[in-house]
2 protein chains.
Amino acid sequence: MKHVTIKDVARKLKCSVSTVSRAFNDKYDIRKETRDQILATAKEMGYSPNPIAKSLLKQCSNQIGVVVPEFINSFFPEVIIGIQEVFLKKGYQVLIMQSGESTNTELENIKTLEKNMVDGMIVSLSLETKNVDYFKNLINSGFPLVLFNRVSNELDTSKVVIDDYKWAFFATEHLIYQGFRNIFHFAGPGGLMFTQNRRNGFVDAHRKHKLPISENSIMEAGLLMSDGERVMEKLIAMHNIPDAIFAVNDPTAIGAMKALKKHGFKIPDDVALVGFTESKLAPLIDPPLTSVAQPTHEIGTTAARLLLDRIESKGIFVPQTVVLNGRLNVRESSMKLR
Amino acid sequence: MKHVTIKDVARKLKCSVSTVSRAFNDKYDIRKETRDQILATAKEMGYSPNPIAKSLLKQCSNQIGVVVPEFINSFFPEVIIGIQEVFLKKGYQVLIMQSGESTNTELENIKTLEKNMVDGMIVSLSLETKNVDYFKNLINSGFPLVLFNRVSNELDTSKVVIDDYKWAFFATEHLIYQGFRNIFHFAGPGGLMFTQNRRNGFVDAHRKHKLPISENSIMEAGLLMSDGERVMEKLIAMHNIPDAIFAVNDPTAIGAMKALKKHGFKIPDDVALVGFTESKLAPLIDPPLTSVAQPTHEIGTTAARLLLDRIESKGIFVPQTVVLNGRLNVRESSMKLR
DNA sequence: AACGTTTTCGGTAACGTTTCCGGAGAAAAA
DNA sequence: TTTTTCTCCGGAAACGTTACCGAAAACGTT
């Protein structure tokens with residue numbers, strides 16, 4: 001009913017509040033028997049310290065905030081699990097918010113977390129976010145921030161990513177080795193760093209193998225399944241069918257697959273497909289989708305540890321960018337039948 | 001750098017803190033010009049009220065907590081989006097935590113949220129949770145709590161569910177109408193209410209059509225893909241192959257499908273499948289999975305509104321159970337070819 | 001026995017708000 | 001003009017903690 005406070009405990013034991021406080025916090029400055037007795041009756045009375053009061057006083061909360069664009073796809077949830085694993089073990093609570101790919105909501109989330117005095121944040125930028133001034137100020141004011149996946153090179157802080165360029169390169173090369181020559185790329189939205197990197201990987205793989213890139217073979221699609229579907233429909237309407245597609249991520253690849261199947265195209269016989277950022281779907285759809293997997297769990301734990309180091313290092317700290325390894329899971333959707 | 005507080009603003013304007021506070025809160029008791037000036041300079045100084053201090057004083061936080069078992073599958077994330085939609089509009093922030101299907105973590109989460117003085121909670125019980133005493137106390141002490149999906153009939157509070165019995169009945173009947181006679185049910189874990197309801201629906205559909213239920217045709221599986229896979233493998237090993245399976249949810253259905261495909265069984269020719277609780281996967285896998293869809297978004301908004309009503313109703317309040325409508329999406333996996 | 005040291009505890013300020021109470025001055029009523 | 005009412009504002013307590021300061025008591029040393 002009513003919250004039992006430190007004062008209630010003190011009154012019951014006829015001691016001062018500071019003694020009770022000490023029983024819970026100090027390691028010395030209190031007699032062992034006193035502490036045990038206090039702890040016992042406190043437990044009996046159902047008392048536990050109020051973290052809000054503590055936050056107000058200490059100006060920090062033992063909470064960290066996580067802001068992600070969405071968690072409909074399994075990517076971010078899996079990362080979050082990694083983050084939680086590290087922080088819960090350390091006695092931190094993890095507050096999760098989602099921006100819904102909107103810059104405004106993202107900013108609202110950040111501000112809420114800030115006011116709640118979280119000790120640090122882990123953020124993956126929303127699709128829409130172009131202006132990162134608020135983040136800059138945050139970082140300059142010394143606030144611990146770690147970015148992952150959707151990062152910005154304008155921000156001087158720790159980051160966790162995979163080498164998008166390299167794995168886009170490998171994925172494209174895989175298609176080339178399979179013998180495909182007219183390969184299209186469904187690219188992501190312009191603002192994101194990985195869009196650029198994955199596109200460059202696509203281009204350079206062609207360059208290495210001295211293959212021309214057919215005109216308009218790089219289509220700006222988006223990140224959603226509907227984006228892949230829409231762009232593919234357009235290509236089909238224009239009778240401009242590639243023999244393979246490297247998509248910026250799995251949902252767009254799956255969207256393209258949906259459109260292709262609807263129009264009777266066979267995969268991979270007519271059109272081969274490769275996605276990026278392994279989703280739960282990739283191995284299950286028909287045909288199973290070749291895709292670059294990211295170590296989601298490890299991204300989470302790494303980001304968490306970077307943030308933890310940053311929080312605990314009272315002194316100097318140099319931002320660090322950790323590049324984790326990806327992995328190309330080759331499946332049916334990209335295997336040329338001879 | 002340093003947080004700017006109400007005192008800073010007061011000092012700058014040479015007025016008292018209470019006046020500044022009034023400018024932000026009171027509707028009367030302050031002259032319009034004074035308020036405008038305070039609001040202006042406050043904005044200019046970058047001041048905004050500290051919610052922690054406010055929480056401490058008011059003993060509530062304008063935050064609500066959500067605890068779900070997991071968010072790897074899209075079900076809970078979709079519900080959460082519905083919840084957020086309602087609450088963000090009302091100026092509440094939504095704190096999300098996941099129990100990982102563990103009673104202990106669940107309890108930890110609840111306590112954390114409680115200490116953070118959330119004004120209410122929306123919870124979906126973890127798989128493991130049998131003892132609901134803590135929740136009982138919470139409810140009895142007048143704390144606003146709404147359950148959804150994974151509910152307990154021991155708890156006298158508002159709930160949002162779908163009619164599991166009815167839709168399990170329909171799903172089973174669908175298989176019967178298709179002409180299947182040796183139908184198995186992969187059931188969920190014993191503790192959950194929906195396990196029981198879905199099982200009863202399965203049984204009663206047989207009863208209505210005067211069909212015998214073959215012995216051992218109800219197998220306790222679980223909720224994970226691996227559970228479905230494991231149970232199916234066992235059946236295959238025992239050469240005990242049904243001609244159709246109604247699974248307690250999509251992941252188990254998909255797990256079963258995986259095992260069946262691996263062993264060369266054709267779906268639905270050899271074995272037909274029906275799942276429950278539409279996942280993002282159902283329409284995309286091969287073959288597309290027939291499944292009972294839940295209105296995830298609506299579950300979220302409904303739960304949110306129930307909680308909001310409960311919070312805002314200072315007086316009496318009667319717990320309410322809202323039963324939303326499901327929907328059977330028939331796809332290839334359950335269509336008998338003649 | 002006098003003194004210094006250590007152990008153990010109580011009192012109090014502070015964190016940033018809101019709210020109640022009361023007071024000063026202005027406006028309205030007498 | 002005097003009294004009453006209203007408008008607007010300042011002071012201070014309170015929310016539940018922790019941290020600092022100092023004091024009492026216990027102990028050890030000469």
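Note on naming: letters A, B, ... go to the chains in the order of the sequence lines (proteins, then strands), and numbering restarts at 1 for each one.
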[X] [atom1] to [N] [atom2]: how many Å, rounded?
X	N	atom1	atom2	answer
A:I30	C:dC9	CD1	P	6 Å
B:M117	C:dT17	CE	P	16 Å
A:K115	C:dC15	NZ	C1'	17 Å
A:I52	C:dT17	CD1	C1'	12 Å
B:Q59	C:dT17	CD	C1'	13 Å
B:L56	D:dT18	CG	P	12 Å
A:K7	D:dT18	NZ	P	13 Å
B:K54	D:dG16	NZ	P	18 Å

- Identify, between B:S16 and B:A53, the residue whose nearest nucleotide on DNA chain D lies closer to the 5' end.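 Mapping each residue to its closest nucleotide by heavy atoms, the 5'-most match is B:S16.
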Taking only residues two or more places apart in sequence or in another chain, which ones pass side-chain hydrogen bond (donor to acceptor under 3.5 Å, both in side chains) with [X]?
X	answer
B:Q37	none
A:S16	A:S18, A:T19
A:S126	A:T129
B:K32	B:D36

- Message: Side-chain N or O of A:T34 versus OP1/OP2 of C:dC9: is the shortest distance under 4.0 Å?
- Response: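 Checking A:T34 against C:dC9: at least one side-chain N or O falls below 4.0 Å of OP1 or OP2.
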- Query: Taking OP1 and OP2 of C:dC9, is either one under 4.0 Å from a side-chain nitrogen or oxygen of A:R31?
  - Reply: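 Yes.
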- Please check if the side chain of A:N73 supplies one atom and the backbone of A:F75 the other of a donor-acceptor pair under 3.5 Å.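 No; judged by distance alone, with no hydrogens or angles, the pair does not exist.
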- Query: Do we see a donor-acceptor contact under 3.5 Å between the side chains of B:Q320 and B:S158?
  - Reply: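 Judged by distance alone, the side chains do not pair up.
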- Would you say the side chains of A:Q93 and B:T112 form a donor-acceptor pair under 3.5 Å?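 Note: A:Q93 and B:T112 side chains meet the donor-acceptor criterion.
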- Task: Keeping to residues at least two apart or across chains, list the ring pair (Phe, Tyr, Trp, His ring centres under 6.0 Å) pairs with something in residues 117-141 of chain B.
- Result: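 For residues 117-141 of chain B, and leaving out neighbouring residues, there are no ring pair (Phe, Tyr, Trp, His ring centres under 6.0 Å) pairs at all.
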- Message: Enumerate the ring pair (Phe, Tyr, Trp, His ring centres under 6.0 Å) contacts for residues 18-65 of chain B, please, sequence neighbours excluded, ordered by first and then second residue.
- Response: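 Applying ring pair (Phe, Tyr, Trp, His ring centres under 6.0 Å) to every pair that reaches into residues 18-65 of chain B, excluding sequence neighbours, yields B:F24-B:Y47.
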I'd like a table of atom pairs between the protein and nucleotides 4-6 of chain C - only N or O on both sides, under 3.5 Å - with the distance next to each one.
none

- Using the test salt bridge (charged side-chain N to carboxylate O under 4.0 Å, His left out), find all partners of B:E44 that sit at least two apart in sequence or belong to another chain.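 For B:E44 there are no salt bridge (charged side-chain N to carboxylate O under 4.0 Å, His left out) partners, ignoring immediate neighbours.
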- Task: May I ask which nucleotide in the shown strands pairs with C:dC20, Watson-Crick or G-U wobble, both distances under 3.5 Å?
- Result: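 When the pairing criteria are applied, D:dG11 turns out to be the nucleotide that pairs with C:dC20.
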- Check each residue of residues 39-50 of chain B for a non-hydrogen atom within less than 4.0 Å of any atom in DNA chain D, then write out the ones that pass by number, or none.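 Output list: empty, so none.
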Could you list the donor-acceptor pairs under 3.5 angstrom formed by side chains in residues 85-92 of chain B, with sequence neighbours left out?
{"residue": "B:E85", "atom": "OE1", "partner": "B:H297", "partner atom": "NE2", "Å": "2.7"}

- Query: Reckon B:S55 touches a base, only the sugar-phosphate, or nothing at all at heavy-atom distances under 4.0 Å?
  - Reply: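 Nothing, no nucleic acid heavy atom in range.
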- Query: Between C:dC15, C:dT8, C:dT17, which one does the side chain of A:D29 approach most closely?
  - Reply: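 For A:D29, the side-chain atoms sit closest to C:dT8.
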Hey, can you pull the donor-acceptor pairs under 3.5 Å for the side chains in residues 116-125 of chain A, sequence neighbours left out?
{"residue": "A:N116", "atom": "OD1", "partner": "B:Q63", "partner atom": "NE2", "Å": "3.3"}
{"residue": "A:D119", "atom": "OD1", "partner": "A:S61", "partner atom": "N", "Å": "2.9"}
{"residue": "A:D119", "atom": "OD2", "partner": "A:N62", "partner atom": "N", "Å": "2.8"}
{"residue": "A:S124", "atom": "OG", "partner": "A:F148", "partner atom": "O", "Å": "2.9"}
{"residue": "A:S124", "atom": "OG", "partner": "A:R150", "partner atom": "N", "Å": "3.3"}

- Name every residue in residues 18-26 of chain B that has at least one heavy atom under 4.0 Å from any atom of DNA chain C, in order of residue number, or write none if there are no such residues.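 Heavy-atom cutoff 4.0 Å gives B:S18, B:S21, B:R22, B:N25.
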